[in-house]
Structure formats: structure tokens, C-alpha cells
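Right, one structure below, let's go through it.
To find a chain, count down the sequence lines: A is the first, B the second, and so on, and within it residues start at 1.
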Amino acid sequence: MLKILEIIALLKKHYPEAKTALNHANPLELLIAAILSAQCTDERVNIVTKNLFKKYKTPLDYLKVSLKELEENIHSTGFYHNKSKNIQGAMRVILDQFKGNVPDNMGELLLLPGVARKTANVVLGSAFKKAEGIVVDTHVSRISRRLGLTKNKNPLKIEKDLMKIIPKSKWIYFSLELISHGRKICKARNPLCKECFLNYLCPKII
DNA sequence: CTCCCGATAT
DNA sequence: ATATCAGGAG
């Protein structure tokens, strides 16, 4: 499909330095941030992690404190009870099975509670520069459907569809650029179609 | 398919 | 006051 190559080229042109909006200094910080970003904006996650990362540096730091203390520190990201348990569970696995290191492959990342393919792909792509799949978050999902790149609604099916039509070397940046585009132009509520550089090739499937 | 939850746009 | 945003687990 020629259209997809055109889309890829235009995205790269307009978002030459797209990167994850999640502030982090190392793979562990990105993993925590990515777990917190479930059903929460990256902007909100950054507010919370600013203090969180000052208090907790190692997997053990997250395990030494009570669930309640952790919950208080991440409260505003929502689903804080689940997320706190998941973070402690993930730190437990990292310590017990991975010598304290964040895994750098999909199979092992998926063993961590609170980590499914979206979160794993974020960590793989932005912490390890590896692509075993494509990040399909709400932005990638919405825009892929609007552009007619998939008709599916299930994130895994969307990911498979995208993996078929996008060259593997573009997997990481394609998501990062679509997410940037989703925030600025192709927004969920009022998409700015008149300002969109993809407008002329967009069937606008909702 | 349901539950988990706060923040912000309308 | 309420709709909408934003993923994972059971």
C-alpha cells in the first residue's frame, strides 16, 4: 500500500523528534511511568513521578514502603490501588527473576503485573530502542481507524494490522509520531482536520 | 464484559 | 453537573 508510506513520510517530516512524553532517566523510571499512564494522561503522570522518582530509586525502594504510602504518592493518576499493587508486584518479579533489572524483551515484560502489550512496547521502544510490536494506545487506535489503516477496535488486532503494513524499522517512531499528532491535531474530541497535513488522504473513518 | 479511579473539558 | 479522557486484570 503506497498510502501508508506517504503517511509515514509526512509524520516524520512534521514530527522529526517525536519521543515519549513520559519523563524518565532510566528503564526502571520509564516502566513505572508507563504503568502509571494506564488510563491517565502522560502530563498527569509526569506531575506524580517528579516527586516519586526522588523518593524511590531502586526496585527495593518501592517494596520497602507500605501499599498505603505508595498509593498516596500516585493517587492523582487514578486506579491507585491497582497501580500500587502492580508496581510492587512488578518490582518483586524484577528482583526475584531478573536480578533487579527491567527486562528488555516482550516475553519477560509481560510477566510483570500491570504490564500488557501497550506498556511493554513503550518500555521496549523508548528505553531499549527495540521493537517487538507497535504501541497501540488510545491515540494510535483512534488515528489508525480514522485513516482507514485498520477497521478493528481491539488493540491487539490493530497492532497486528499495523505490523503487517508498516516496515519494522518504523514501528517505534510511527507510534511516537501518531501520539504527537493525536495530541495536537487528530484529537479525540475536536479533531482539527482543516489544519491536518494528512487530511487529503484521510477517509475520516470513525 | 466488568471493575478499577482522578482530572479536566464542556 | 456530567461526559470524556486514558489500559490492564479477572
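- Proximity of A/T77 to A/K83: side-chain heavy atoms (C-beta onward) are separated by under 4.5 Å at one or more points.
- Closest approach of A/Y56 to A/D61, counting heavy atoms only: CD2-O, 3.6 Å.
- With both ends at atom C1', the span from B/dC5 to C/dT4 equals 14 Å, rounded to whole Å.
- Between A/E29 and A/N23, the side chains place no donor N or O within less than 3.5 Å of an acceptor N or O (distance only, hydrogens not considered).
- Contacts with DNA chain B (heavy atom under 4.0 Å) in residues 70-96 of chain A: A/H75, A/S76, A/G78, A/F79, A/Y80, A/H81, A/N82, listed by number.
- Comparing A/G114 and A/A188, the nucleotide of DNA chain C nearest to each residue sits closer to the 5' end for A/A188.
- Look at the P atom in both B/dC3 and C/dA6: the space between them is 22 Å, to the nearest Å.
- Proximity of A/D104 to A/V123: side-chain heavy atoms (C-beta onward) are nowhere separated by under 4.5 Å.
- When heavy atoms are screened at a 4.0 angstrom cut-off, A/P155 is found touching no nucleic acid atom at all.
- Sorted by residue number, the members of residues 22-41 of chain A with any non-hydrogen atom under 4.0 Å from DNA chain C read A/S37, A/A38, A/Q39, A/C40.
- Rounded to an integer number of Å, the gap from CD1 of A/I143 to P of C/dC5 is 13 Å.
- Judged by distance alone, the side chains of A/N73 and A/N51 never bring a donor and an acceptor atom under 3.5 Å apart.
- Remark: the A/E43 side chain and the A/N46 side chain contain no N/O donor-acceptor pair separated by less than 3.5 Å.
- We find that CG of A/L112 is positioned 15 Å from C1' of C/dG7, with the value rounded to whole Å.
- Heavy atoms only, all atoms of each residue included: A/Y173 and A/A18 are closest at CE2-O, 3.4 Å.
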Validation: residues 190-201 of chain A side-chain donor-acceptor distances under 3.5 Å, sequence neighbours left out:
| residue | atom | partner | partner atom | Å |
| --- | --- | --- | --- | --- |
| A/N199 | OD1 | A/K204 | NZ | 2.5 |
| A/N199 | ND2 | A/C193 | O | 2.6 |
| A/Y200 | OH | A/E6 | OE2 | 2.4 |

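- Using a 4.5 Å heavy-atom threshold, the side chains of A/H139 and A/S175 count as separate.
- With salt bridges taken as basic N to acidic carboxylate O contacts below 4.0 Å, none links A/D161 and A/K157.
- The shortest distance between side-chain heavy atoms of A/N101 and A/I94 does not fall below 4.5 Å.
- Taking atom CD1 of A/I179 as the reference point, atom C1' of C/dC5 lies 15 Å away to the nearest angstrom.
- Looking only at side-chain heavy atoms (C-beta outward), A/P155 and A/K118 stay at 4.5 Å or farther from each other.
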Quick one: side chains of residues 176-188 of chain A, donor-acceptor pairs under 3.5 Å with protein atoms, not counting sequence neighbours, listed by atom name and distance.
| residue | atom | partner | partner atom | Å |
| --- | --- | --- | --- | --- |
| A/S180 | OG | A/L176 | O | 3.1 |
| A/H181 | ND1 | A/Y15 | OH | 2.7 |
| A/R183 | NH2 | A/D42 | OD2 | 3.3 |

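- Proximity of residues 120-140 of chain A to DNA chain C (heavy atom under 4.0 angstrom from any strand atom) is restricted to A/D137, A/T138, A/H139.
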Nucleotide N/O of nucleotides 8-10 of chain B paired with protein N/O under 3.5 Å:
| residue | atom | partner | partner atom | Å |
| --- | --- | --- | --- | --- |
| B/dT8 | OP1 | A/R44 | NH2 | 2.8 |
| B/dT10 | OP1 | A/N190 | ND2 | 3.4 |

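- Put simply, CG on A/L111 is 15 Å from P on C/dG8, counting in whole angstrom units.
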